[in-house]
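Input: a single structure, listed below in structure tokens.
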Number of protein chains: 2
Amino acid sequence: MATEVQQLAQIRERFIGQWGTFGSAWGIPRTMAQIHALLLMSDESLSTDEVMDALHISRGNANTNLRELVGWGLVYKRHRRGERREYFEAEKDVWTIFCTVARERKRREVEPALNLLRDCVQLTASMRTKQGKAFHKQMQKLAEFVGLAASLMERLAASERSRVIPALVKLLA
Amino acid sequence: MATEVQQLAQIRERFIGQWGTFGSAWGIPRTMAQIHALLLMSDESLSTDEVMDALHISRGNANTNLRELVGWGLVYKRHRRGERREYFEAEKDVWTIFCTVARERKRREVEPALNLLRDCVQLTASMRTKQGKAFHKQMQKLAEFVGLAASLMERLAASERSRVIPALVKLLA
DNA sequence: TCGTTCTTTCAGTAGATTCTGAAAATCAAG
DNA sequence: CTTGATTTTCAGAATCTACTGAAAGAACGA
């Protein structure tokens, strides 16, 4: 029936919109999240022009965000034989997506924060005032926790899903 | 020495600035993250005016973000006897902070996303076109994973640190 | 009740971020 | 090389978010 196609289009559109909103709550540009949503739902790889049309965005915008997504490792460039233009396809496996995002955010955002914290610990190590010692202590605790969390995330992202997930479920039962 | 006080002030300032930047990469307003950083470093609780002075921000801004932090459960209101004005103190325990943030983000952002995904699964359950079925399948996988992750986070945040952390370290060794 | 102190609200603005569109660069085939 | 198709870049525009400051609202004591 023709209705199913229309319905599907409507649901897709809703998903794209909401996924964009959701992304921007986590510090990911709206359009980037929407492009990701669009590609996640597409069986076939899409060209820049198809993305532009689907989301009503400019060429520059589409190009920039597509490249950004490729940079994150969430989207792959594809080539079709006999075709000059590039096509884009999203990584579809949810566990792989999770691991990629975890790794990238750690590298881009957690690592620098950790460096900051460790600097703060170092620079106050020999302070003798009450305030200085208190600050040192607090930074120490923070650095320790963030460091541990980052390391655990890294190792989680390097694990095999089939081994780790059941173990986690059991541990947190 | 007088130098230590100056040095400490400088380091604190650096920490506040960077923590703000870090926060805004994760979708947390810069000022809110900075106020949190300031309170995290302060032994004594601070009044709205002290926060305003320390960060050079307006009363409205300070008030709004302080209340927001209280709303997140990361900061507590304090009263001093004989004093009319309110003072604010940050939760200092890192594990508690982590659990609070995990819970709140789940409630505010993951839960709604999960509802969206489940709606998408429902609404496409009976579709018969190739595209419809593919979409349904992809949403199903996404919903399943996000649901599991949310549930694990919730349970992690409800666990005792001393029991869970060592177990996690061992599991991911 | 009135005056004082402190808190909250919110319209307007400032500032930051994201997007557009056109020009420049790249590339492959003839 | 030249041409035409495609991608990239980026200055300026549009949009969105966060902040200010002043005015209104509570809370309390006298």
Side-chain angles (χ1 to χ4, degrees), chain A residues 16-39 45-72 75-89 108-109, chain B residues 16-39 44-72 74-89 108-109:
Chain A
I16 290 175
Q18 290 291 117
W19 199 249
T21 303
F22 181 57
S24 74
W26 287 78
I28 288 148
R30 182 177 266 91
T31 306
M32 190 172 143
Q34 288 184 340
I35 295 179
H36 188 229
L38 175 66
L39 292 177
S45 55
L46 300 183
S47 68
T48 300
D49 291 79
E50 286 168 323
V51 172
M52 287 166 59
D53 289 352
L55 303 179
H56 307 292
I57 60 176
S58 71
R59 181 172 305 283
N61 195 9
N63 180 269
T64 303
N65 283 294
L66 278 167
R67 247 160 348 102
E68 193 72 3
L69 283 165
V70 172
W72 275 73
V75 165
Y76 309 115
K77 282 190 183 180
R78 292 269 180 256
H79 297 273
R80 297 190 190 167
R81 68 201 199 96
E83 284 253 24
R84 183 120 147 247
R85 84 176 61 183
E86 288 177 324
Y87 287 81
F88 298 90
E89 185 178 353
R108 298 175 190 225
E109 289 143 12
Chain B
I16 290 175
Q18 290 291 116
W19 200 249
T21 303
F22 182 56
S24 76
W26 287 79
I28 289 148
R30 183 178 263 86
T31 305
M32 188 172 146
Q34 288 185 340
I35 295 179
H36 189 230
L38 175 66
L39 292 176
E44 307 295 324
S45 54
L46 300 184
S47 68
T48 301
D49 290 77
E50 287 168 323
V51 172
M52 287 166 59
D53 289 352
L55 304 179
H56 308 290
I57 59 176
S58 72
R59 183 171 304 284
N61 193 9
N63 181 270
T64 303
N65 283 293
L66 278 167
R67 248 162 344 103
E68 193 72 4
L69 283 165
V70 172
W72 274 72
L74 294 170
V75 165
Y76 310 114
K77 282 190 183 181
R78 292 270 180 255
H79 297 273
R80 297 188 189 168
R81 69 200 197 97
E83 282 253 27
R84 185 118 149 244
R85 82 177 65 180
E86 288 177 323
Y87 288 80
F88 299 89
E89 185 179 353
R108 299 175 189 223
E109 289 143 11

Write down the protein N/O and nucleotide N/O pairs, taken from nucleotides 8-12 of chain C, whose separation is under 3.5 Å; answer none if there are no such pairs.
| unit_1 | atom_1 | unit_2 | atom_2 | d |
| --- | --- | --- | --- | --- |
| C:dT8 | OP2 | B:Asn63 | ND2 | 2.6 |
| C:dT9 | OP2 | B:Arg67 | NH1 | 3.2 |
| C:dT9 | OP2 | B:Arg67 | NH2 | 3.3 |

Rounded to the nearest Å, what distance is computed from the NE2 atom of residue B:His79 to the C1' atom of nucleotide C:dT5? 15 Å

Would you check if B:Tyr87 and B:Glu44 make a side-chain contact, meaning some heavy-atom pair closer than 4.5 Å? no

Does some side-chain heavy atom of B:Arg30 sit less than 4.5 Å from a side-chain heavy atom of B:Thr21? yes

Atom CD1 of A:Ile28 and atom C1' of C:dT17 are separated, to the nearest Å, by 15 Å

Would you indicate whether the side-chain heavy atoms of B:Asp49 and B:Arg85 approach each other to under 4.5 Å? yes

Nearest 0.5 Å, what's the CD-CZ distance between B:Glu89 and B:Arg78? 4.5 Å

Quick check: does any side chain N or O of A:Asn65 sit under 3.5 Å from a backbone N or O of A:Asn61, one acting as donor and the other as acceptor? yes

For nucleotides 24-30 of chain D, list the nitrogen or oxygen atoms of the protein found under 3.5 Å from its nitrogen or oxygen atoms, one pair per line.
| unit_1 | atom_1 | unit_2 | atom_2 | d |
| --- | --- | --- | --- | --- |
| D:dA27 | N3 | B:Arg84 | NH2 | 2.6 |

Interatomic distance, A:Met52 CE vs D:dT8 P [rounded to whole Å]: 13 Å

Rounded to the nearest angstrom, tell me the gap between atom CG in A:Leu46 and atom P in D:dT7. 13 Å

Taking OH from B:Tyr87 and P from C:dC6, how many angstroms apart are they, rounded to a whole number? 8 Å

Using a heavy-atom cut-off of under 4.0 Å over every strand shown, decide if A:Asp49 touches base, sugar-phosphate, or nothing. nothing

If I take atom CD1 in residue A:Ile57 and atom P in nucleotide C:dT20, what distance separates them, rounded to the nearest angstrom? 7 Å

Rounded to whole angstrom units, what separation is found between the CD atom of B:Glu83 and the P atom of C:dC6? 8 Å

Apply the side chain to side chain contact (heavy atoms under 4.5 Å, CB included) test between A:Glu83 and each candidate in A:Arg80, A:His79, A:Arg81; give the one that qualifies. A:Arg80

Between A:Thr48 and A:Phe88, is there a side-chain heavy-atom distance shorter than 4.5 Å? yes

Over how many whole Å does the gap from A:Arg78 atom CZ to D:dT6 atom P extend? 20 Å

Would you call B:Trp72 and B:Met32 a side-chain contact if the rule is heavy atoms closer than 4.5 Å? yes

Enter the distance from B:Leu39:CG to B:Leu74:CG here, rounded to the nearest 0.5 Å. 10.5 Å

